[in-house]
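I have placed the structure first, in the form of structure tokens, so that the comments after it can refer back to it.
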Amino acid sequence: EITDARIPQSSRNPEIDRMLGQKPRLILLNKCDVADPNLTARWCEYYRSKGILAIPTDCKSGRGLNEIIPGARQVLDEVMKRREAKGLSQKLLRMMIVGIPNVGKSTFINKVARKKSAKAGDRPGVTRGKQWITVDQGLELLDTPGILWPKFEDETIGLHLAFTGAVRDAIMDVETLACHLIQLLAQRKPESLAARFKLVPEEGMDGWALLEAGARKRGFLISGGEVDLERMAHILLDEFRGGKMGRITLELPEDLERGADPSGVP
Ligand code: G4P
């Protein structure tokens, strides 16, 4: 299951737990290149405490991808031993990528498929369509990912998905969205605002005040000395999504532990 390391909770659909049942799984914390490395390590630890192996990956550069096959074998170890004990032959193992849109499923499959060009179904007479790519001896990967829809259980999940661009349809106007983002950044990573916008959040400043101050610092003015909030909003969202504001993770494992566990991780 691929998730976005910047929003590990909101980029999962908790339905997956029900669908997977007891099937062995790996969670990839993808886009770790733009997430806070310390928090990514804490998320891995959180999943480990739930008995799930999570691996940080950057599918663009390929970082972390080498750990997936050993990880898959580790996760499957018990199944393999059970089969062996029953005298069953070593069956071909198959894995499928699942995740909500925009987490990097296609990037992952392309990266792995390019490296291992041997496609299991790539033989004359085999209908094109879903194909199994041999990624390692006895291990195949389905070339088509399973797409899950994000689950908007509360407003925060919708907002976080919109911040990262996972949901492209406007859930609200861009200025209000940016106002929520800048407020969260002021709480979670104020230094990113100082570095990028020379903006030092002051006590009592709400999202609108922060957005306006940022626009002034950047000189986004319109006639009459008014600030161009819309321009500031677009710039803030673009820079955050593009990783220009530094490596930022918006969600902490503690957020999950505090309330009911909306991720559904058992
Ligand atoms: P999906 O199949 O799950 O819907 O996601 P997809 O692979 O299409 O990736 C969505 C976007 O995330 C793409 O950016 C892709 O390049 C980017 N991406 C995937 N993996 C990583 C990663 O590990 N790190 C970073 N920083 N980005 C990643 P895009 O802007 O839509 O396309 P492009 O401009 O990169 O071509």
Side-chain angles (χ1 to χ4, degrees), residues 1-16 19-20 25-44 47 53-69 71-72 95-116 119 129-133 135 141-152 157-158 160-171 174 177 181 185 189 192 195-196 234-251 263:
E1 180 186 0
I2 303 192
T3 63
D4 183 330
R6 295 168 299 174
I7 49 167
Q9 178 197 357
S10 301
S11 60
R12 303 189 71 228
N13 181 329
E15 283 294 298
I16 187 75
M19 284 187 252
L20 281 183
R25 70 160 83 173
L26 280 176
I27 288 185
L28 303 190
L29 290 158
N30 193 37
K31 308 198 185 186
C32 71
D33 54 310
V34 283
D36 183 321
N38 294 325
L39 293 178
T40 301
R42 269 170 56 192
W43 275 103
C44 287
Y47 282 120
L53 180 61
I55 300 174
T57 55
D58 166 2
C59 286
K60 272 186 150 176
S61 74
R63 210 186 114 209
L65 297 187
N66 286 344
E67 290 173 42
I68 292 172
I69 290 169
M95 51 183 187
M96 179 185 189
I97 296 297
V98 294
I100 67 161
N102 207 46
V103 288
K105 297 181 297 301
S106 315
T107 313
F108 172 85
I109 292 171
N110 286 339
K111 197 94 183 168
V112 172
R114 250 204 314 274
K115 241 180 18 204
K116 312 268 178 186
K119 284 189 180 164
K130 287 193 183 65
Q131 291 184 332
W132 292 95
I133 306 157
V135 291
L141 171 72
L142 187 63
D143 74 347
T144 318
I147 301 169
L148 300 163
W149 299 110
K151 196 147 191 230
F152 299 90
I157 294 179
H160 289 190
L161 290 166
F163 294 157
T164 59
V167 285
R168 297 207 181 263
D169 301 333
I171 58 163
V174 69
L177 186 63
L181 175 60
L185 291 172
K189 198 99 177 180
S192 69
R196 204 67 200 165
H234 280 290
I235 297 278
L236 179 78
L237 287 163
D238 283 353
E239 295 198 354
F240 174 74
R241 288 173 185 163
K244 290 198 183 122
M245 299 194 63
R247 301 175 70 177
I248 302 175
T249 299
L250 297 177
E251 297 172 351
S263 82

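Order of listing sets the numbers, starting from 1, for every ligand and every atom in it. Numbering of residues begins at 1 and proceeds along the displayed sequence.
- In this structure, Gly243 does not count as a contact residue of ligand 1, since none of its heavy atoms falls inside 4.0 Å of the ligand.
- Selection from Ser106, Ala166, Ser61 by nearest heavy atom to atom 8 (O) of ligand 1 gives Ser106.
- Here the CG-OG1 distance, from Asn30 to Thr3, works out to 7.5 Å after rounding to the nearest 0.5 Å.
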Please test Met95 against Val135 for side chain to side chain contact (heavy atoms under 4.5 Å, CB included), starting from the C-alpha separation and ending with a verdict. CA-CA 10 Å; Met95 51 183 187; Val135 291; 4.2 Å; yes
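- Remark: atom 26 (N) of ligand 1 lies closer than 4.0 Å to at least one protein heavy atom.
- Atoms of ligand 1 found under 4.0 Å from any heavy atom of Pro101, numbered from 1 in the order shown, are 4 (O).
- Between the CG atom in Asn102 and the CD1 atom in Ile2 there is a gap of 11.5 Å [rounded to 0.5 Å].
- Under the 4.0 angstrom criterion, atom 29 (P) of ligand 1 counts as lacking any protein heavy-atom contact.
- In this structure, Leu236 CG and Phe163 CZ are separated by 9.0 Å, a value rounded to the nearest 0.5 Å.
- The protein heavy-atom contact nearest to atom 5 (O) of ligand 1 is Gly104 N, 3.1 Å.
- Note that the CD1 atom of Ile16 and the CD atom of Glu1 stand 5.0 Å from one another [nearest 0.5 Å].
- Put simply, the side chain of Asp33 does not reach to within 4.5 Å of the side chain of Arg63, judged on heavy atoms.
- Between the CZ atom of Arg196 and the CD atom of Glu239 there is a distance of 4.0 Å, given to the nearest 0.5 Å.
- The distance criterion of under 3.5 Å between nitrogen or oxygen atoms is not met by Cys32 with respect to ligand 1.
- Closer than 4.0 Å to atom 33 (P) of ligand 1 lies none of the heavy atoms of the protein.
- The protein heavy atom nearest to atom 23 (O) of ligand 1 is Cys59 N, 2.7 Å.
- Of all protein heavy atoms, the one lying nearest to atom 18 (N) of ligand 1 is Lys31 CE, 3.8 Å.
- Of all protein heavy atoms, the one lying nearest to atom 31 (O) of ligand 1 is Arg168 NH2, 4.0 Å.
- The single protein non-hydrogen atom nearest to atom 7 (O) of ligand 1 is Thr107 OG1, 2.5 Å, given as residue, atom name and distance.
- Under the 3.5 Å distance criterion, the side-chain polar atoms of Ser192 are matched with a main-chain donor or acceptor of Lys189.
- Checking only distances, Val34 never comes within under 3.5 Å of ligand 1, N or O to N or O.
- Here CG of Leu142 is found 7.0 Å from CD1 of Ile109. Values are rounded to the nearest 0.5 Å.
- In this structure a side-chain-to-backbone donor-acceptor pair under 3.5 Å is missing from Lys151 to Arg12.
- At the top of the distance list for atom 20 (N) of ligand 1, counting protein heavy atoms only, stands Asn30 ND2, 3.1 Å.
- The protein reaches atom 3 (O) of ligand 1 closely, with a heavy atom under 4.0 angstrom from it.
- Here the protein heavy atom with the shortest distance to atom 11 (C) of ligand 1 is Asn102 OD1, 3.5 Å.
- Counting heavy atoms under 4.0 Å from ligand 1, residue Asp33 touches it through the side chain alone.
- For Arg247 (side chain) and Ala35 (main-chain N/O), a donor-acceptor pair under 3.5 Å exists by modelled atom type.
- Of the protein's non-hydrogen atoms, the one nearest atom 16 (O) of ligand 1 is Lys60 CE, 3.2 Å.
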